[in-house]
Amino acid sequence: MDADGEPFLLAELTGAEDKPGTRISHILVVDDDEPLRRSLPHLLAAPGRRFDLAGSLAEAVESLPRRHYDLILLDHRLPDGSGLSVLDWLAENQRDDAVVMLSGEDGIDVAIGALRRGADDFLRKPYHLAQIQHTVDKALHKAGLERTNRRIGLRLKESERLYRYLVESSPDIVFMLDPQGRFRYVNPRVQSLLGYERRQLLGRAIAEIADADDRARLQELYCNPEQPSREALRLELKLQRNPAGPAGKADVLTFSLNTEPVLGRDARDGRRRLIGTYGVARDISDRKRAEEMIVYQAYHDQLTRLPNRLLFHDRLELALAQAQRRGCSLAVLFIDLDRFKLVNDTYGHGEGDHLLRGVASRLRQSLRKGDTLARVGGDEFLALLPDLSSPNDAEGIALKILQTLHEPFQLKHGDFRVTVSVGIAVYPKDGEVADLLIQHADIAMYQVKRSGKNGHCFFGPELNANYRQRVCLENDLRQALEHDEFRLCFQPQIDTRQRRVVGTEALLRWHHPDHGLLNPNQFVSVAEEIGLIGGISSWVLDRACAQLARWRRLGHRDVRMSVNLSPRDFEHGDIVGEVSRRLANYRLPAPALEVEITEHLMMCEGHSGAQKIAQLRDLGVGVAIDDFGTGYSALGYLQRFPISSLKIDRCFVSEMKHGGNPIVSAITGIARGFGLGIVAEGVETTDQLDQLAALGCDAMQGFYFSPPASAEVVEGLFREVPPGWFTGQRVQ
Ligand code: C2E
Ligand code: MG
Ligand code: MG
């Protein structure tokens, strides 16, 4: 469309040029004198000339509509009227055919009348041959010039239309500024992009519509006639949308601007001066937004929208430089959620994410305005507290964080209380560079974890030793399997009614080359964290099955073996395949094996762990819930999954007073209600034994009977139980 809204066709501009030599001149001879009429074409013949003849006014008027003539030789006096009527006809029909009037009249009136009515020349009859030839040549030449002139005019008009079309339909804002930086021209694109009518901008300085940040720069570059810029410029700038324009678009758009100075000769002194600036502004807002998004993503955590480690590091370095200059102090807090993995494993990642977002928002609220909070790992956050007046400030914030998490979070499955471990490192005492401060805050956090979680701790040089210990433990653990440092011991499970050992629980021990015998509590969680538990579980399963097969070969065919598995074993790998392969290898009946799992594995809907448990039960393997009652109180899973037995945790047994423990009674009731086996753990006294027996809980294990022991010792107990076990006199 062109500026007037009409379709604009480029074809209009491409009319074929007249090629030199081929141009035909059409001449109409209008004369009633037949000999003269017929002789003229011969007398005036020249290459490219074509003649039409008319003997009367009527014939002339008939010929004229058929074509445009380059020249009409027109007799004044015609039998049916005056040649002037032909001139009138041409005028009426807005024709510009050249006309030479021929007349035998003596008076000048005819000549004047003819010229006034548009004739181009006049020739009196009789004329000399040379005269008419000269007149015709002159008239044709003039007509040719006019034609060329017209054509050039048309072309100019058309090319102007083309430029106007290109400028006005440009996707960019095209404009011209005067030396004061005011709009002298702007194309209509400004309306759709910035919401201004063109006329609203004419006469206004470009700086006026620029974003505040860019105004001074534009003022200097384009609105300063004293020192006009004479260079082509390329810059990026932000322009404001018309506040009164249509709403719904961003208030500010970013443009890439190219401008060229326009120079012109000054009429006063003939010197070249700046007469304006030509510019093209391209809207690059989308690209800018995309770039900003990429940068944002590179420096932020997607889930919580908090800064990530990279940005935290930058900010910390900046804050350190400032603290150094001003001689003040700052703190880095390492905040780690306690047992967050459990939430992910139990409720799924959706709920885990929801919780993380909630925690992030509460942490943010506990900090001050200038502090930075970043998420730097799954459940790890870092806080930077610049401008610390005393280390107590940092402690105050840590306590506030612990306090703010006191309120439970609402998850789909119900309320959930989150605790965190917070490690604090203070500049300059605990380190002067970013990495060291972060590392020391991490070590302090780790100390909180070791001493029971849900608290805070300042870094101190003594913690470094603990940390190194942990790093060493990890390294040693990686080699323990290879170096064959693990052993199993077995704790018998006794049926107090049958008065015999009915099974054993395989318990893992690590014979550390330097630290001696380590219990699982000292290394299983580390193995889980660093992803080594799978290999360890396979080893335990294999050794336990091998031992059971040996005992069976020795004739103890009615004892069961219980093996502890980690929740991690149900996340990755093929635990069901492993179990069934071991059963086949050692020719064990599936019911002779029981796996012990923790409660939270059952809580997760859709979690493959629950399916794997069902598959183990399908094989015939027993599945016991270990430490029952210490985890979650939702018991729906007991109905949904085919568990075979519950193990009452040691803490409930140890709390049994003379009057019994209501939790133990409740658990035995639940087991009975669901038709599950039940084993009481940690039985240490006759009193506990009696109370459990009274509640109908016959299967027990605990130091009262035997601590975990070697296979040989346990085998002795298979053969014969010590006489004191059931007489109230425990015999070691
Ligand atoms: P658990 O499965 O609940 O095992 C019972 C723990 O209670 C054992 O500790 C056992 O020595 C201890 N115990 C037994 N009777 C008594 C008693 O009368 N009084 C007291 N105070 N303690 C008693 P242990 O062997 O140190 O194992 C601790 C935990 O480590 C186990 O708790 C189990 O969850 C885990 N664990 C043990 N072996 C393995 C294993 O092979 N793989 C995995 N993943 N975890 C294991
Ligand atoms: Mg166990
Ligand atoms: Mg237990």
*Hey, does Phe674 have a side-chain heavy atom less than 4.5 Å from the side chain of Ile643?*
no
*asked:* Could you check whether atom CZ of Arg305 has more than 12 heavy atoms from other residues, nucleotides or ligands sitting under 6.0 Å from it?
replied: no
*asked:* Under a 3.5 Å threshold, yes or no: a donor from one side chain and an acceptor from the other, between Ser645 and Glu594?
replied: yes
*asked:* Ring-plane angle category for Trp725 and Phe705, please: parallel below 30°, perpendicular beyond 60°, tilted otherwise.
replied: perpendicular
*Can you spot which of Glu681, Lys647, Arg650 makes a side chain to side chain donor-acceptor pair (under 3.5 Å) with Gln701?*
Lys647
*Side chains of Tyr586 and Asp542: do they bring a donor and an acceptor to under 3.5 Å?*
yes
*What class does the angle between the rings of Trp510 and Phe486 fall in, given that below 30° is parallel, 30 to 60° is tilted and above 60° is perpendicular?*
tilted
*asked:* So if I apply the side-chain contact (heavy atoms from CB on, under 4.5 Å) rule between Thr504 and each of Leu717, Val559, Val714, which one comes out positive?
replied: Val714
*Show your working on side chain to side chain contact (heavy atoms under 4.5 Å, CB included) between Val332 and His440 and close with a plain yes or no.*
CA-CA 9 Å; Val332 172; His440 285 170; over 6 Å; no
*Taking it one step at a time, do Phe490 and Val713 satisfy side chain to side chain contact (heavy atoms under 4.5 Å, CB included)?*
CA-CA 9 Å; Phe490 303 91; Val713 171; over 6 Å; no
*asked:* Take a 6.0 Å sphere around CD of Gln479 and say whether it holds more than 12 heavy atoms from other residues, nucleotides or ligands.
replied: yes
*For the atom pair CG (Asp649) and CG (Asp626), what is the distance rounded to the nearest 0.5 Å?*
7.5 Å
*Interatomic distance, Arg587 atom CZ to Arg582 atom CZ [nearest 0.5 angstrom]*: 16.0 Å
*Quick one: OG on Ser566 to CD on Glu596, what's the gap to the nearest 0.5 Å?*
13.5 Å
*Quick one: CD on Glu684 to OH on Tyr704, what's the gap to the nearest 0.5 Å?*
12.5 Å
*With the side chain counted from C-beta on, respond yes when Leu311 and Asn308 share a heavy-atom pair under 4.5 Å apart, and no when they do not.*
yes
*asked:* Measuring only between side-chain heavy atoms, which start at C-beta, is Ile438 closer than 4.5 Å to Arg309?
replied: yes
*Side chains of Gln547 and Arg550: is there a donor and an acceptor less than 3.5 Å apart?*
yes
*No-hydrogen, no-angle side-chain donor-acceptor test under 3.5 Å, Asp336 and Ser421*: no
*CG/Leu692 to CG/Asp687 distance, rounded to the nearest 0.5 angstrom?*
9.5 Å
*Gap separating the CG atom of Leu583 from the CG atom of Leu619, nearest 0.5 angstrom*: 7.0 Å
*Using the side chain to side chain contact (heavy atoms under 4.5 Å, CB included) rule, take Arg417 and Asn454 through it: C-alpha gap first, then chi angles, then the decisive distance, then the call.*
CA-CA 11 Å; Arg417 223 193 115 206; Asn454 190 22; 4.1 Å; yes
*Kindly check if the number of other-residue, nucleotide or ligand heavy atoms within 6.0 Å of CD (Gln410) is above 12?*
no
_Using a 6.0 Å cut-off, check whether atom CZ of Arg478 has over 12 heavy atoms from anything other than its own residue._
yes
*Mark yes when over 12 heavy atoms from residues, nucleotides or ligands other than Glu407 sit less than 6.0 Å from its CD; otherwise mark no.*
no
*asked:* Using modelled atom types and a 3.5 Å cut-off, is there a donor and acceptor pairing between side-chain atoms of Arg375 and backbone atoms of Leu306?
replied: no
_For a quick check under 3.5 Å, do Ser538 and Glu578 share a side-chain donor-acceptor pair by atom type?_
yes
